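Structure record follows, encoded as structure tokens.
These figures come from a predicted structure and were not determined experimentally.
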Amino acid sequence: MGRMMSDTDAWGRICTDMKSTIGKEAYQSWIDPLSLDRIDQGIAHFAAPTSFIGRWVDRNYGERIRTSFAREGYSVTRLNFSVNPAVQKAAPQPRSAPAAQVAAPQTGDEELPGSPLDPRFTFDSFVVGKPNELAHAAARRVAEGGEVAFNPLVLYGGVGLGKTHLMHAIAWKLQEDNPGFRVLYLSAEQFMYRFVQALRFRDTISFKQMFRSVDVLMVDDVQFIAGKDSTQEEFFHTFNALIDQNKQVIISADRAPGEIDGMEDRIKSRLQWGLVADIHPTDYELRLGILQAKLDTQRAQHPNVTIDPKVIDFLAHRISSNVRVLEGALTRLYAFASLVGRHIDLDMTHECLTDLLRASERKVTIEEIMRKVAEYYHLRMNDLMSARRARVVARPRQVAMYLAKTLTSKSLPEIGRKFGGRDHTTVIHAVKRVEELKQNDSQIADDVELLRRMLEA
């Protein structure tokens, strides 16, 4: 008994030290839920409320704990965690909650309180390109079901780039392959609303049982709960319970988890536990592919409307903000052409989409492009305007000309003049050369895309 008291006292001193060094929040999330059982033959045996917490502590704090035990005179070479839910502190419940509101566990037949799935958002209708390739592959893998591959799967990117589409596609595929599968898809705002309602009606137990009884939980726009402490607390415990049961969790956000202001560190760290997939802004090739895929739908709805192929190329170049705006532009053109009985050409496109084209007008200047390219390749702006033909200068100059052609509305002669008084044919050659290199040289393709994103940011 004396030895056990000594073990417990040593652990208590270690806990006090860790609370001051790792912070109160991290301590309460990871260390406080643990209970030291015994130290035997160099192994410190702990009870943890979930296996997830045990794995996390061993991975992130294991070395610190072993070193702390050494300072206390113990030779601890390994930590062992056994699951004992009894050590988890019970979530506080309203004292006056009537017994009748302690709901029975949810059954698979009960309706889940999620959002309806859009039948248009399937994998078949998702256009894959380089900017969304990783996110699409990860979503496909998760949708196959079976052993959990990435948990959680976090999809992040700007507005209208396809995060919601992929989440709906995963849900459709899982339900198609697994009839009776409990897939819950909802926005973070809905999650918060239902939690607040549960608090209001003193029915948090039903809320917990509902959300923790699903096979797959999908939460869209998780950045919405940033700064909302009570909702984050419940989300944290729901997330933890599902991960521990090997239930799939899929999250979307408008930025990387570590960059969400107001989000608790413990939630950020858990979101980063699995696979975090970035959906980049669309490039020209992907926008062109999306428009061509949508053409079939529009042609079926408006069989008498014809469209000039140049319009598709024009839209792919000019509207780069997001996919929704791009699709909306095509829909508006077909609706307008159908009403007035006209062929869709560039003149009608300018007439019909004046507001969208003005909103998406590129404000990038040639000077900005030259400055950014020179910085990127560690050159001087004067080098780009000089007559030097060495590849170390010529290739960045061609990239800058290509970006000037695609990101500004300046004419070829104007661009040539900015680059040391060159002829417009030199600009044409540079644009064609960079387009060829993008297809065959991944480094050039990455350079151009990164510079484009930096300039359009």
Side-chain angles (χ1 to χ4, degrees), residues 22-23 25-31 33 48-61 114 132 134-143 148-159 161-168 170-171 183-192 194-195 208 211-212 214-280:
I22 70 174
E25 187 177 273
Y27 173 81
Q28 289 179 336
S29 299
W30 307 109
I31 306 302
T50 68
S51 59
F52 183 91
I53 287 180
R55 291 195 303 270
W56 178 271
V57 171
D58 194 31
R59 178 177 174 180
N60 293 275
Y61 299 118
N132 58 29
L134 172 61
H136 174 263
R140 275 281 194 183
R141 175 63 187 85
V142 169
V148 176
F150 316 115
N151 212 5
L153 170 62
V154 180
L155 306 172
Y156 80 91
V159 175
L161 298 183
K163 304 185 299 296
T164 299
H165 189 144
L166 282 177
M167 295 181 80
H168 283 225
I170 293 171
V183 179
L184 175 56
Y185 166 83
L186 77 170
S187 67
E189 184 178 8
Q190 289 174 306
F191 183 92
M192 186 188 77
R194 293 191 176 277
F195 177 59
K208 293 174 187 294
F211 279 87
R212 301 180 192 191
V214 301
D215 296 300
V216 179
L217 175 65
M218 314 176 82
V219 180
D220 213 349
D221 291 322
V222 76
Q223 74 276 355
F224 183 84
I225 65 172
K228 300 171 177 67
D229 295 342
S230 296
T231 304
Q232 289 193 59
E233 180 79 15
E234 185 54 41
F235 177 79
F236 176 81
H237 291 301
T238 299
F239 182 101
N240 178 67
L242 290 171
I243 293 286
D244 190 57
Q245 298 173 55
N246 285 325
K247 302 296 182 67
Q248 183 69 57
V249 178
I250 304 163
I251 305 293
S252 84
D254 64 354
R255 71 210 85 152
E259 298 173 2
I260 302 176
D261 294 334
M263 187 72 79
E264 294 179 6
D265 288 341
R266 59 179 178 171
I267 295 181
K268 291 180 183 180
S269 63
R270 290 215 171 184
L271 292 179
Q272 293 168 329
W273 179 271
L275 176 65
V276 179
D278 179 8
I279 303 181
H280 300 296

Nearest heavy-atom neighbours spanning Phe211 and Phe191: CE2-CD1, 3.6 Å
Gap between atom CG of Leu271 and atom CE of Met263 - 0.5 Å precision: 6.5 Å
May I ask you to establish whether Arg270 and Phe239 are in a cation-pi arrangement, using a distance under 6.0 Å from NZ or CZ to the six-membered ring centre and at most 45° from the ring axis? no
Which atom of Val183 lies closest to which atom of Ala171, heavy atoms considered: CG1-CB, 3.9 Å
Minimum heavy-atom distance Lys268-Gly258, with the two atoms named: NZ-O, 3.7 Å
Kindly give the heavy-atom pair with the smallest separation between Phe235 and Ile251, and that separation in Å. CZ-CD1, 3.8 Å
So which heavy atom on Met218 is nearest to which on Ile170, and how close? CE-CB, 3.9 Å
What's the spacing between Ile260 CD1 and Phe224 CZ if we round to 0.5 Å? 13.5 Å
Hey, is the main chain of Val154 close enough, under 3.5 Å, to the side chain of Lys163 for a donor-acceptor pair? no
Qualifying residue, where the test is side-chain contact (heavy atoms from CB on, under 4.5 Å) with Ser252 and the options are Val222, Ile279, Asp220: Asp220
From CD1 (Ile243) to CG (Asn151), nearest 0.5 Å: 3.5 Å
Gap separating the OG1 atom of Thr238 from the CZ atom of Arg212, nearest 0.5 angstrom: 4.5 Å
Within a 6.0 Å radius of atom CD on Gln245, are there more than 12 heavy atoms belonging to other residues, nucleotides or ligands? yes
Name the one of Lys208, Arg266, Lys228 that satisfies salt bridge (Lys or Arg N to Asp or Glu O under 4.0 Å) with Glu233? Arg266
Smallest heavy-atom separation, Ala226 atom then Asp261 atom, equals CB-O, 3.2 Å
For the backbone of Leu217 and the side chain of Lys247, can you confirm whether one donor and one acceptor N or O come within less than 3.5 Å of each other? no
State the CD-CZ distance between Gln232 and Phe195, to the nearest 0.5 angstrom. 11.5 Å
State the CG-NE2 distance between Leu155 and His136, to the nearest 0.5 angstrom. 11.5 Å
Is there a side chain to side chain donor-acceptor pair (under 3.5 Å) between Asp221 and Ser187? Walk through the geometry before answering. CA-CA 6 Å; Asp221 291 322; Ser187 67; over 6 Å; no
Between Asp215 (side chain) and Gln248 (backbone), is there a donor-acceptor pair under 3.5 Å? no
